[in-house]
Amino acid sequence: MALSRRGLLQLAGAGTLAGADRLLGAFGDMFRPASPLGAATQVITACGVCSPACGIKATVENNALRFVEGLEGDFSGRGRLCGKGAAGAGFLYDPDRLKYPLKRTNPRKGIDEDPGWVRITWQEALDTIAERFGDARKRFGAESLLFVTLPSPDVWLRFMNAIGVVNRIDHIDECFLTDRIIQRYTTGFKSWCNDFENSKYIVLFGWDILAKAKLVYANGIIDAKDNGAKIVCFNPQYSTTARFADEWYSIRPGSDLAVALAMIHVLLAENLYNKEFVDQYTNFGEHENTIRTHFAQYTPEWAERESDVPAEAIRRIAREFGTQGPAIVPAYKKTLCANYQNASQLVHAISILNILAGTIDRPGGRYVARTPAVPGIDAIVPPPPYPPKQGRRVDGKDKLPLVLQDGGGMFSTLADGILNRYPGMIQAGFIMNYTALSFPQPQQTLDALATIPFLAVMDYLPTDTVTYADIALPGTTYFEVSDIMARDYYARQPQYVARTAVVSPLFESRSPGFVALELGKRLAPDYFKNPDGSWINLNAVLDERTKRLGLGENFAEFRAKGIVTREQAFVPRTTFNVPGTTKCQILVPQFKDAGGDPLPVWRPKREIPSAEYPYYYLTYIPAVHKRNSTQNNPILNEMMGTAVASLNPQLAAKLGIREGQRVRIRSRVGEIELPAHLTETVRPDCVLVPHGFGHRSRLLQTAGGKGVRDGDVIPAQSIQQCVDSVNFAGSSCIMDAVVNIEAL
Amino acid sequence: MSERLSAPGDLAVWFAAVGRVLASPDAAAGLRVMAEGLAARANARSGVREELAALWAEFPGDPQEAHREYVRLFLSPGAAPCPLWQSAHGDEPQLMGPSHHSAIEWYRSEGIEPGVENEPADHASLLLVFFAHLLDSGAPAEWIQRYWREHLAWLPKVLARIERETRLPFYARLARVTRERLEEAEAFFRETPA
């Protein structure tokens, strides 16, 4: 549209209803004289769909994001974005976004109950939350407060520390808790990167790297192959990465541990490990006899019986792994394999394989992220001493000493804790950016949340969890906030990226930092003041942080640069940050002290097919979606908008199931009904269902009511089950379900 | 043009009133301002007065009822999908879409912009008040027609949906009368030579 200004009218106007009350005042109330027209601008920022924070160039016009593209020259995305990143404007401009703070007027809670929302001011919302949380803390102690949130941004953590929060729960038991705990005691450190490009032999237990669409690793493994690396993949599914690999084995679900143990057996029995590294940098020498004796039992022939992977192949792969390196077995987050009940043992075995390969913090192996520390708000404005954390853990993680050392919480045991272990303990809850779909048995989680007398939920979308809120707060997306990101995915050298607010927060959405500060002022004011008594200003903190890191005089200066890399040579570590030692540990005495296994022993997965539930149930995250948070994006929903159950045609024939026919999948805790898709890519004893669908909130126009919740058939667990099953690093066991399948 | 609408000025008043009322959940405040303004105006046509009076008569005794209904219909639109942003009704429902930018161009052509900048400029309330402004200021029929095509053609359908979905006679009447008047206005200017 090309309009030329008519130039006839001024704001005061001269129409039929001239004067100050022109159009009864509506005109002057809703419009103002136009400010000078700004040209379209381009802003550098970082994607926020997932953690690698790929560089983005955003085009902004009329205070609206017009277009996003990958940032040329940035290693993380190499100038490209994945489908989720490219569809980013669909998150920012989702018509269903929560727009203003809302208060529930209907006390009845349920997914089909109309909450009777009324719009309230931020002032009223924050005052009410502070009052209810303050009251609960006073009457029932800090243990009565539940925060289901990540610990970031740091001002949010400061707020929770300031009021003594004991029960902070997050999803990491489903994602990387096990990995984090095992790595800490075997190789030290928390964050690890995979140097695929320089690797010559890569063994993948389950991780479908290419379909996860983390570009930095997808590019890495493609480079590896270009550079002549051999890639071996164990996965019950013929995944995208399996197709790309040189060898793929259709492994029996939950038996990756058997193969890993047998590979260790071969490496030790045939002395194919990296002797120089192992002698110098590990505790192998101290426990050599114990270690050799322990692994002697796990022969490839034994492993074949457990895993369906031929013994001959295991032996050959182990030999190649030991001799054709640098070799690596990445263990990573939600690899299919790491979410069984035997995940603690599996990740330990994987860590031992990497240690034996001698590639810990060496080219072609796993290396410690050279992620620079960013001074937190507590370094910039030191707080008074925090109160001690006193009270019971609703998720029961105090029963798992190693998990307790970690800052996170456990999703898989939360509902049991609220409903059965400590009924009535939680009096006030705050949930941020998590929906019930994230939990095994999501309905049980919603039922648990419904028992909490006061629930505040902050999100950018009206999720199922928001439907249960007493107060709903509109949160921001990554296009509306600013921060300094320190890269941790491809961190050979320190690198900082500016996440920049490319537009003002839409409607009345606010950042988590704003909420933390405002609640903090109300509930623990002494922690939110500067030394001169004035309130902390988060923009001033960001500027100071920028200055201390030498990135600029203030954040505006840094954002103009976008990305700053501190070039430094990669110097392999010779000491490792393992508790009580400077060496890597193969045998871990601390695991024994914590009720675990000092060396990984074979433990079968929790549930094994039976006459009643004869099939393995596997779930996965499709490439075009990020967990359960992207299904309402119209573009991504169009690419994949619902769930189907993938079945092998052989199994389908046995059960009389045709392509597209609806099937009922039933486990000991629930059932789902969805269409079948027949594919040779799944083992005949498995059914594969994607995660992220089955949002029930009717407020989600695109995703609501579409598909089924994969979690409805995945049993949640109690903390006692973790203890009894030696699940000492707290796996959520989301791959452990077995099911019955019937045609409808 | 229909007999009930004898002058664009009447339409302008109605659309301004509706735009104002649809701008926030506090419909009563919007209505009150409109009614007071109208009462003080000697030359306003009786048809508009009567319509506003009829609308007032439908207003629920408990203002929070109207508030809840506004939020249910327009802010949490899943149960009864009647969002009031034009971009939300395009082929790819997305706020701040092309109609946001086009609306800003229209406003700018008159030297104005929305008072709130972090919300989409294509909200029905803004579009209606601007339409009122075009009518009130004697904009050429060609402009009116074009503005209708670009920014109002979607609205009658949504107003019809509001009539169906709402639990309150107040919003049903507001939607029905506005839809009828929009259609009358469209017919009038369609028939008027450019």
Side-chain angles (χ1 to χ4, degrees), chain A residues 1-11 13-17 21-27 29-35 37 61-66 89-90 92-97 99-100 102 105 114-119 462 503-507 634-635 697-702 704, chain B residues 7-9 12-13 16-17 19-20 23 25 33-34 37-38 40-41 64 67-68 70-72 75-79 81 83 85 87-88 92-97 100-102 104-115 117-119 121 125-126 129-130 132-133 136-139 143 150:
Chain A
M1 187 189 74
L3 290 175
S4 58
R5 175 143 185 228
R6 289 197 298 152
L8 297 173
L9 302 161
Q10 298 303 317
L11 192 60
T16 53
L17 300 173
D21 64 344
R22 191 160 131 25
L23 293 175
L24 308 178
F27 191 73
D29 279 358
M30 294 167 68
F31 289 97
R32 65 183 182 202
S35 45
L37 185 63
E61 191 180 8
N62 294 330
N63 195 36
L65 176 65
R66 295 296 304 246
L92 176 64
Y93 295 138
D94 191 321
D96 298 341
R97 273 187 75 159
K99 301 167 185 81
Y100 309 97
L102 299 173
T105 58
D114 176 359
W117 295 121
V118 291
R119 181 177 159 184
V503 291
S504 316
L506 213 57
F507 300 98
I635 297 168
S697 170
R698 291 185 297 169
L699 309 182
L700 296 170
Q701 292 188 77
T702 305
Chain B
V13 170
R20 177 68 186 259
V33 173
M34 293 298 114
L38 206 58
R41 186 172 303 286
Q64 200 166 60
H67 184 133
R68 270 198 299 269
Y70 182 96
V71 175
R72 191 182 73 88
L75 295 185
S76 299
W85 297 276
S87 305
E92 279 183 11
Q94 190 164 299
L95 302 176
M96 298 285 196
H100 161 80
H101 297 278
S102 158
I104 284 185
E105 272 196 63
W106 272 101
Y107 305 151
R108 284 190 161 273
S109 76
E110 294 294 313
I112 55 169
E113 65 186 11
E117 65 179 31
N118 61 340
E119 299 196 4
S125 62
L126 291 166
V129 172
F130 187 76
H133 159 79
D136 184 45
S137 62
W143 281 63
E150 292 178 5

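Note that the structure is a prediction, hence the values are computed from the model and not measured. Keep in mind that the numbers below use all heavy atoms, side chains included, and drop hydrogens, waters and symmetry copies. In what follows, every chain begins at residue 1, and chains take the letters A, B, ... in the order their sequences are listed.
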Considering only heavy atoms, which portion of [X] lies under 4.5 Å from any heavy atom of chain A: side chain, backbone, both, or neither?
| X | answer |
| --- | --- |
| B:Leu126 | both |
| B:Ser125 | both |
| B:Tyr70 | neither |

Atom group of [X] that falls short of 4.5 Å from chain B, counting heavy atoms:
| X | result |
| --- | --- |
| A:Pro462 | neither |
| A:Pro505 | backbone |
| A:Leu102 | side chain |

Gap separating the [atom1] atom of [X] from the [atom2] atom of [Y], nearest 0.5 angstrom:
| X | Y | atom1 | atom2 | answer |
| --- | --- | --- | --- | --- |
| A:Leu65 | B:Leu95 | CG | CG | 12.5 Å |
| B:Glu113 | A:Asn63 | CD | CG | 10.5 Å |
| A:Thr105 | B:Gln64 | OG1 | CD | 6.0 Å |

Query raised in the report: Quick one: does A:Arg32's side chain have a donor or acceptor within less than 3.5 Å of a partner on B:Gly115's backbone?
Result: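 Judged by distance alone, yes, a pair lies under 3.5 Å.
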Query raised in the report: Would a distance-only check, ignoring hydrogens and angles, find a side-chain to backbone donor-acceptor pair under 3.5 Å from B:Arg108 to A:Ser35?
Result: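 Yes, because the side chain of B:Arg108 sits within donor-acceptor range (under 3.5 Å) of the backbone of A:Ser35.
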Do [X] and [Y] come within less than 4.5 Å of each other through their side chains, counting heavy atoms only?
| X | Y | result |
| --- | --- | --- |
| B:Asn118 | A:Val503 | no |
| A:Leu506 | B:Met96 | yes |
| A:Trp117 | B:Leu75 | no |
| B:Glu119 | A:Ser504 | no |

Where do [X] and [Y] come nearest, in terms of heavy atoms and distance?
| X | Y | value |
| --- | --- | --- |
| B:Pro83 | A:Gln701 | CG-NE2, 4.4 Å |
| B:Gln94 | A:Gly90 | OE1-CA, 3.7 Å |
| B:His100 | A:Asn62 | NE2-O, 3.3 Å |

Query - Contact leader toward chain B among A:Ser697, A:Gly704, A:Ala89, where contacts are heavy-atom pairs under 4.5 Å - result: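 Most heavy-atom pairs within the cutoff with chain B belong to A:Ala89.
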